[in-house]
Structures are given as structure tokens and as C-alpha cells.
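Written below as C-alpha cells is the structure these notes are about.
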Amino acid sequence: MSQKNALYSQSGGVTAVINATACGVIQTANAHDEIATVYAARNGILGALREELIDTSLEDPADIAALMHTPGGGFGSCRYKLKSLEENKAEYERLIEVFKAHDIGYFFYNGGGDSSDTAFKVSQIGDALGYHVNCVGIPKTIDNDLPVTDTCPGFGSVAKYVAVSMMEASLDVESMAETSTKVFVMEVMGRHAGWIAAAGGLAGRNHDEPPQIILFPEVAFDQEAFLARVKESVENYGYCSIVVSEGVKWPDGRFLSDAGTRDAFGHAQLGGCAPVIANMVKENLGYKYHWAVLDYLQRSARHLASQTDLDQAYAVGKAAVEYAVAGKNSVMPVIERLADKPYEWRISEAQLGDMANVEKMMPEDFITDDGFGITEACRTYLEPLIQGEAYPPYKDGLPQYVRMKNQLADKVLPAFEK
Ligand code: F6P
């Protein structure tokens, strides 16, 4: 049997479970005779261009296994979008040159929409340049905005963290509300799509349960209706908990945080719309507030990962290798939902061309008519994704996360000039 090496690359924003996908790729590849060495690109596609290939065979198998419970990107990631073939063919040619030099026959690109596009182009150019490589994309993004797949590995864990944080902080606010804080604003990621914000809605079912308000990027911000709802909530329940997506916009399309408004510190917008919202509440209604921007905490909260998400993250890595060794090219394993309750899913095959550069927004029927909450349909979709706890092992009170050795293979090519 002719053996080839494999190259795995992480791409874009990392997640609490992207390393589980890496683990799925590496362990499965190591069990297949078709694959000799599995390399991981250092800091994503930039490492591939720079010929910085981490030799994963030099890692302790126990450390590879520990990737299952370690957040972040074990081999590093990057935000670097390869230009179009016409604009920068040299980059694609360089990738193929690196593949050739290291006998790479399988390329696994673990990312979102942009990465699907890149993997698709690489799969095309390889053949055009006379060097065939099986390119398989692997889905990942906390934003949950990839088309075709039921969900994106990384999202379920963020969803769980956001819902739990909303529950916990709201118990705090509710306790303090009579004499102190009445409004809590929690900002979550998701620049274009409101999936993460929607997940905050899982914290409660009725108006008297938090969050009383969710602000989605899909719904133009209506300041008057928003303030009326805050007032109503404080008057009825004593407090108001709000989830706001970082991508919320004014009716004219400007981001709320770009509005030139002053934030809670009195500074002109400093990024982050939670302080803008909080200050708006204070100025108009006079309520004392607290706000939080979950930021990287939500993306890295492996201690509160969803078991379902973790299982899916590993499964897509494993399936990617199985596709590649079966000779498939330009495909991506995705998650297909078979049933809502109990949740049943399986891995199915999508074409990379269908995944590239398409953002999946929240469907209209997932948002309540008033624009401030999630519907039953949305809850039915979200609930299975946060099921199960997957706690990491702890030692001395802290999770035992692993750090890879990340030893590079020897370079054989001249340095890459961008
Ligand atoms: O990965 C997607 C995402 O988490 C977005 O929700 C967020 O806006 C962005 O990444 C942040 O990216 P970065 O880590 O590059 O600042």
C-alpha cells in the first residue's frame, strides 16, 4: 500500500472543543495504514505556507488524548484568508510545493466558511498543478453559521456556557435588585448571526425568568421598544436580565457599538455594546446596572463544555480521515439531525463548494414576534446541543490542560516570501 502523509490545520477563531477534532483526526489517521505521519500546521494555514509543520508523531499519545479536554488551538490557529486564485496564485502554488516536499496526500482544514473556500480551492489547484491531494474540510465555529450542517462543533459548548452564565448572574441580580443592581447586560459573540445570543434564552422559559430581553443581530434595534421592555420587566419582576449580541445594529445598519454613543465609563464607544446598552438604560431609566462581555471566556470555557458538542467535534475529525482515505476529495463531514427528542444525529457528507462563503442566519420563526426572545422551535433546535457535561480532569483544584511539544519537521524549501 502506498502511504502518504497528512496535514491538519486549525483555522480562524478557536473553540472549547476544536482540539477534540484534532484528536479525532490524529488518532484515526494513526490507525490507518494509508497515512504515515500526521503533521499539524503551526498557527494554521500560515504554518503551511511557511513550511512550519508540527510532527504530531513526536507527541506523547497521552497528550494527544488530552486534547479531548483542552480548549484553545493546540497547534495554533490564524485568521488569514487566502486571496482568490487570480489575485494570488503564488500562495496556492506554495501550498502545493510544501505538500509535495513533505509527501502530503491528505489535507484537513478545520474551520468555518472561509476555510471551506480555501480547502475547496486547494483541492482544485492541486490537480491543475499535477499534484493530487485529498482535501477535506472539517466544520468548526462557535458562531454556528455554516450552512448544510445541523450545528457547528464549538457552538454547543458556547451555548451551554452562555445559558448557564445567564442563569447564574440573574440569580445574583434578582437577589440584589431591591436596593442595588436592577439590570444586568451580558454581551455575547456572533457578529452576524444571533445563534449564541439565542442560546442565552435557554436560561429561562417565561417572562419572569431570565433573560427578559435578547437583542439579536437579525433584528434592527428599536430603542423605544427596548427601554419600555426593560421598565416593564423591572416593574414586574424587580430586575431585568439582557443578552446582547455583539452584532446588534441600529435600523440604519450601523453596529450599536459604532453609534457614537457614550459607554458606561462615559467614553465614546470603546467597542462592546453591553456598556452602550447599560448606559442607555441608566440615562433613560435611572436603573443601576452591571454588564459583562463574555468574550474569550465563552469560547474557551472547556470546563463547562457540552458532551454532545464534544462527541460531534471528535466525530467530524474521525469522519474526515475516513473520507480522505476512501479517496474522497473536496468534501466535508457535517452533522445531520435525525430526531429532536431524544436527539439523534449522524455524520453525513457535504460538498465543500456548498459550504464556502455562506452564512446561516437565525430563521425568522426562531425569534418571537416582538423581536426580544426565542420561540419554541428555536428551543427545540438548541436544547439537544447543550446536553451532557464533559468535565475535564482536575488536579489541585484546576483543570489539567495539556500543552503540545509542537516540534517542527525539518524544512527543505526556501523561505516563503509573501
Ligand atoms: O470565531 C468567531 C468569533 O468568535 C466571532 O464570534 C467573534 O466576533 C470573533 O471570532 C472574534 O475573533 P478574534 O478572536 O479574531 O478577535
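Quick caveat: nothing in here was measured; it's all calculated off a predicted structure. Atoms within each ligand, like the ligands themselves, are counted from 1 in listed order.
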Centroid-centroid distance, Y131 to F99, less than 6.0 Å: no
Qualifying ring pair (Phe, Tyr, Trp, His ring centres under 6.0 Å) pairs, either residue in residues 371-395, two or more places apart: W195-Y381, F366-Y381
Closest protein heavy atom (residue, atom, distance) for atom 11 (C) of ligand 1: R299 NH1, 3.5 Å
Output field: ring centroids Y289/Y287 closer than 6.0 Å: no
Any G12 heavy atom less than 4.0 Å to ligand 1: no
Stepwise salt bridge (charged side-chain N to carboxylate O under 4.0 Å, His left out) check, R403 with E59: CA-CA 10 Å; R403 227 167 242 285; E59 306 288 344; over 6 Å; no
Contact (N/O only, under 3.5 Å) between T141 and ligand 1: no
Validation row, ring centre Y239 to ring centre F184 under 6.0 Å: no
Shortest heavy-atom approach to atom 5 (C) of ligand 1 - which of V188, D143, V14: D143
Per-atom contacts, ligand 1 versus I142 - under 4.0 Å to a heavy atom: 4 (O)
Option of least heavy-atom distance to atom 9 (C) of ligand 1 (set: Q298, R79, R191, E246): R79
Heteroatom distance test (M189, ligand 1): nitrogen or oxygen, under 3.5 angstrom: no
Whether F75 and Y8 hold their rings parallel, tilted or perpendicular, with breakpoints at 30° and 60°: perpendicular
Atoms in ligand 1 flagged as close to G190, the criterion being non-hydrogen separation under 4.0 Å: 6 (O)
Protein contact to atom 14 (O) of ligand 1 [nearest heavy atom, distance to 0.1 Å]: Y296 OH, 2.4 Å
Report, one line per pair, each donor and acceptor closer than 3.5 Å where one atom sits in a side chain of residues 346-356; sequence neighbours left out.
from, atom 1, to, atom 2, distance (Å)
R346, NE, E336, OE1, 3.0
R346, NH2, E336, OE1, 3.3
R346, NH2, E336, OE2, 3.3
S348, OG, E336, OE1, 3.4
E349, OE1, K328, NZ, 2.6

